[in-house]
Amino acid sequence: MSVRVRFAPSPTGFLHIGSLRTALYNYLFAKHHGGVCILRIEDTDRTRLVEGAIEEQISSLAWAGVTFDEGPHVGGNHGPYTQSERFDLYREYGMKLVANGTAYYAFDTAEELDAMRVRQQAAGIAPKYDRSAMRNQYTLGEHETQRLLEEGALHVIRLKVPLHQDVRFSDVIRGEVIVNGREIDDQILLKSDGFPTYHLANVVDDHLMEITHVIRAEEWLPSTPKHIILYQAFGWEPPTFAHVPLLLNPDRSKMSKRHGDVMVRDFAAKGFFPDALVNFVALCGWNPGSDNEFFSMQELIESFSLERVNKAGAVFDYQKLNWMNGEYLKRRDVHDLARELHPRLVERGFTYCDPSYVADVIALVRERVAFLDDIAEFADYLFGDTLSPLSEASAALLSGNDTLMQALDSFRQGLDAETLADESAFKGLAQRSAEAAGMKMGALMKPLRLVLSHREVGADLFRTAQLLGLERCRARLEAFCIR
RNA sequence: GCACCGUUCGUCUAGGGGUUAGGACACCGCUCUUUCACAGCGGUAACACGGGUUCAAUUCCCGUACGGUGUACCA
């Protein structure tokens, strides 16, 4: 049987980084097995819909390189892939369960249910639908139930959980899980607005769409027994389940904003490379068992397996993500990077943006930064003539020192095209200038860097001066020396 | 509260009955560069606890602690 998996988000907001990882694992698993990865939209909660969310999630996924073989945007022969378009199906299947005695009608109001919960909590009992004390088919009787239905009374359909039976299933990642039927609530399957709850829609669709493996986040683990009971009620074979560990905040709670960005689009906006993000996120909770940490999508597909997914949640380490992005920055083709950076430099009004020059600058400084955009900041003195203000300490170092002044001035006078073309000539000039003024060459290097770039740190000074070119080097030295 | 899941350096993790418990990020140090960095090299740092089983347990079993998730007419 060929593998069919699905990623089933709700259109309630932007794509979360944790969702990206779940989608990615589904995608990798499907591709690894030559199977099919499906996108299904679970929009059964009409109150939480967010305009444009589906499109945003699909485009975030596409940005990251996760694509689908079937889905609302690409079609397929198991559609429709949006649950609100399958509305009639769920009622039909809900009725089947009522008919075969595994589900029942209930007429309780939200207030009655709230009151029930309050009573139970006060009594120290686990909150759970009280089949015998509430207004449902069993307490009301056949006639009253029929009468209410004919009157069009608001009602739901609830799952009739077999109380005296252990529910068990085998999770690929967690092994055997056993839950006592007594612990499971009579879950609402069909809401009073006619829409199904997640549980019903999910099970019906997974079955109808012939899903073989349900790979989802660990937060679903506690409701899986309900799903197993549903499969049994329908007489269907359940799929294989794999519950992947959560992505965590530094305090080990479920990853959320407050501690940093969590939406995929935020990471994109920040300048992360999609393949770096995917690489990093794939490694949060999964590893191939080797020391290698760098994987292209293709390599991930080849080496991915559910058996190597961890059980414990993973704290999302932004610092290591930054590092990884930097590694991708170093490996990428400089000309591609230059093409990417060019428009942003122009946008910022820099004057020296010739593509091949930009590529040279990137090649020189990229090992010192983690993001492409950082380069514009880091090397602003190479792209433009407006230098950033000197720090107080730097200004102090350069001010009121005749010896230094003298050394810099003689360096200025000696600098010519030949010197700039040859590293040893450049250093020779620095050395002669320093010694003539009575100082060491080492002591001249830092001030020289400050004059040329207004920065205390930077790439190799000779290469920097070379990229600056004679005119700009002179101009900057003159601006400092002649005043 | 109850149910379920989890627990190897600060973080991501490898490993697995007998190992100097390995790697990566971060941190610290050294070297190099006649500057700052970069790089290279090195270092600090972990099997939650208690009982079993066993010649031997970090590894298997049972408890405890701690943490997380769930407990909706949300997904």
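Side-chain atoms are counted along with the backbone in the values below, which use heavy atoms only and exclude waters and symmetry mates. Residue numbers start from 1 in every chain, and the chains themselves are labelled A, B, ... in the order their sequence lines are given, proteins ahead of strands.
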S.K.: Could you list all the ring pair (Phe, Tyr, Trp, His ring centres under 6.0 Å) pairs where at least one residue sits in residues 111-133 of chain A, not counting sequence neighbours?
M.R.: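 Checked against ring pair (Phe, Tyr, Trp, His ring centres under 6.0 Å) - neighbours excluded - no pair reaches residues 111-133 of chain A.
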S.K.: For B:rA45, give the paired nucleotide (Watson-Crick: N1-N3 plus N6-O4 or O6-N4; G-U: N1-O2 and O6-N3; both under 3.5 Å), or none.
M.R.: none
S.K.: Using the side-chain hydrogen bond (donor to acceptor under 3.5 Å, both in side chains) definition, which of the options A:Arg216, A:Glu219, A:Lys311 pairs with A:His243?
M.R.: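 Single side-chain hydrogen bond (donor to acceptor under 3.5 Å, both in side chains) partner of A:His243 among A:Arg216, A:Glu219, A:Lys311: A:Arg216.
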S.K.: Mind checking the C1' distance from B:rA26 to B:rA56? Whole angstroms is fine.
M.R.: 37 Å
S.K.: Starting from C1' on B:rA14, measure out to CG on A:Asn292 and report it in whole angstrom.
M.R.: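 Value for this atom pair: 13 Å.
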S.K.: Holding to side chain to side chain donor-acceptor pair (under 3.5 Å), I want the full list of residues that pass it with A:Lys128, two or more places apart in sequence or in another chain.
M.R.: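 In terms of side chain to side chain donor-acceptor pair (under 3.5 Å), with neighbours along the sequence ignored, A:Lys128 is linked to no residue.
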S.K.: Say we look at B:rA45 and B:rG23: how far apart would their C1' atoms be, to the nearest angstrom?
M.R.: 14 Å
S.K.: Rounded to whole angstroms, how far apart are CG on A:Asp291 and P on B:rC25?
M.R.: 11 Å
S.K.: For the P atoms, the ones on B:rA72 and on B:rA3, what distance do you get once it is rounded to whole angstrom?
M.R.: 16 Å
S.K.: With rounding to the closest Å, how many angstrom separate the C1' atoms on B:rC9 and B:rC47?
M.R.: 10 Å
S.K.: Under the salt bridge (charged side-chain N to carboxylate O under 4.0 Å, His left out) rule, what pairs show up with a residue in residues 180-206 of chain A, not counting sequence neighbours?
M.R.: A:Arg6-A:Asp206, A:Arg40-A:Asp205, A:Arg40-A:Asp206, A:Arg86-A:Asp205, A:Arg131-A:Asp186
S.K.: How close or far is atom P of B:rA3 from atom CG of A:Asp186, stated in whole angstroms?
M.R.: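 After rounding, the gap between these two atoms is 19 Å.
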S.K.: Using the C1' atom as the point on both nucleotides, what is the distance between B:rU54 and B:rC62, in whole Å?
M.R.: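 The answer is 16 Å between these two C1' atoms.
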S.K.: Pick the P atom in B:rU53 and in B:rG15, then give their distance to the nearest Å.
M.R.: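 After rounding to an integer number of Å, I get 29 Å for this pair.
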S.K.: Measuring only the P atom in each nucleotide, how far is B:rC27 from B:rA37? A whole number of Å is fine.
M.R.: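 Between the two P atoms, the distance is 13 Å.
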S.K.: Once rounded to the nearest 0.5 Å, what's the spacing between atom CG of A:Leu39 and atom CZ of A:Phe7?
M.R.: 7.5 Å
S.K.: Taking salt bridge (charged side-chain N to carboxylate O under 4.0 Å, His left out) as the test, write out the residues that go with A:Glu435, two or more places apart.
M.R.: none
S.K.: Is the closest side-chain heavy-atom distance between A:Ser132 and A:Asp130 below 4.5 Å?
M.R.: yes
S.K.: Where along nucleotides 30-41 of chain B does protein come under 4.0 Å, by heavy atom, of base (B) or sugar-phosphate alone (S), with - for untouched nucleotides?
M.R.: ----BBBBSS--
S.K.: Over how many whole Å does the gap from A:His243 atom NE2 to B:rC4 atom P extend?
M.R.: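 In whole Å, B:rC4 P and A:His243 NE2 are 15 Å from each other.
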S.K.: Who does B:rG17 pair with, Watson-Crick or G-U, both distances under 3.5 Å?
M.R.: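 B:rG17 is unpaired by these criteria.
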S.K.: Atom CZ of A:Phe169 to atom P of B:rC4: distance rounded to whole Å?
M.R.: 11 Å
S.K.: Output side-chain donor-acceptor pairs under 3.5 Å for residues 280-289 of chain A, partner residues at least two apart or in another chain, one line each.
M.R.:
from: A:Trp286; atom 1: NE1; to: A:Ser305; atom 2: O; distance (Å): 3.4
from: A:Asn287; atom 1: OD1; to: A:Gly289; atom 2: N; distance (Å): 2.7
from: A:Asn287; atom 1: OD1; to: A:Arg308; atom 2: NH2; distance (Å): 3.2

S.K.: Holding to side-chain contact (heavy atoms from CB on, under 4.5 Å), I want the full list of residues that pass it with A:Glu51, two or more places apart in sequence or in another chain.
M.R.: none
S.K.: Please give, in whole Å, the distance from B:rA24 P to A:Asn325 CG?
M.R.: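 The distance from CG of A:Asn325 to P of B:rA24 comes to 20 Å, rounded to the nearest Å.
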S.K.: Tell me whether the NZ or CZ atom of A:Arg331 lies within the 45° cone about the ring axis of A:Phe294 and under 6.0 Å from its centre.
M.R.: yes
S.K.: Considering only the P atoms, how many Å lie between B:rG29 and B:rA65, rounded to the nearest integer?
M.R.: 43 Å
S.K.: Under a 3.5 Å cut-off for both distances, is B:rA65 Watson-Crick or wobble paired, and to whom?
M.R.: B:rU7
S.K.: Of the options B:rG22, B:rC5, B:rC25, whose atoms approach the side-chain atoms of A:Asp317 most closely?
M.R.: B:rC25
S.K.: Would you list the pairs meeting ring pair (Phe, Tyr, Trp, His ring centres under 6.0 Å) in which at least one residue belongs to residues 430-449 of chain A, sequence neighbours left out?
M.R.: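 Applying ring pair (Phe, Tyr, Trp, His ring centres under 6.0 Å) to every pair that reaches into residues 430-449 of chain A, excluding sequence neighbours, yields nothing.
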S.K.: Without decimals, in angstroms, what is the distance between A:Arg168 CZ and B:rC5 P?
M.R.: 12 Å
S.K.: Using a heavy-atom cut-off of under 4.0 Å over every strand shown, decide if A:Arg308 touches base, sugar-phosphate, or nothing.
M.R.: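 Touches sugar-phosphate only.
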S.K.: Mind listing the side-chain donor-acceptor pairs of residues 367-376 of chain A below 3.5 Å, one per line with the distance, residues two or more places apart or on another chain?
M.R.:
from: A:Arg368; atom 1: NH1; to: A:Gly458; atom 2: O; distance (Å): 2.8
from: A:Asp373; atom 1: OD1; to: A:Arg344; atom 2: NH1; distance (Å): 2.6
from: A:Asp373; atom 1: OD2; to: A:Arg344; atom 2: NH1; distance (Å): 3.1

S.K.: Taking pairing as Watson-Crick or G-U wobble with both contacts under 3.5 Å, can you name the mate of B:rG1, or confirm there isn't one?
M.R.: B:rU71
S.K.: Go ahead and name the base partner of B:rC60; Watson-Crick or wobble counts if both distances stay under 3.5 Å, otherwise write none.
M.R.: B:rG52
S.K.: Given atom NZ of A:Lys311 and atom P of B:rC4, what is their separation to the nearest angstrom?
M.R.: 17 Å
S.K.: Should B:rU33 form a Watson-Crick or G-U wobble pair with both distances under 3.5 Å, which nucleotide is its partner?
M.R.: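 Checking every strand shown, B:rU33 finds no partner, since no pair has both distances under 3.5 Å.
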S.K.: Tell me, which pairs form a side-chain hydrogen bond (donor to acceptor under 3.5 Å, both in side chains) where one or both residues lie in residues 448-459 of chain A, sequence neighbours left out?
M.R.: A:Asp380-A:Arg455, A:Ser388-A:Arg455, A:Ser391-A:Glu456, A:Ser394-A:Glu456
S.K.: Is there a residue in residues 279-287 of chain A whose heavy atoms reach under 4.0 Å of RNA chain B, and which residues are they?
M.R.: A:Leu283, A:Cys284, A:Gly285, A:Asn287
S.K.: Counting primed atoms plus P, OP1 and OP2 as sugar-phosphate and everything else as base, spell out the protein contacts along nucleotides 64-75 of chain B at 4.0 Å heavy-atom distance: B, S or - for each nucleotide, 5' to 3'.
M.R.: ----SSSSSBBB
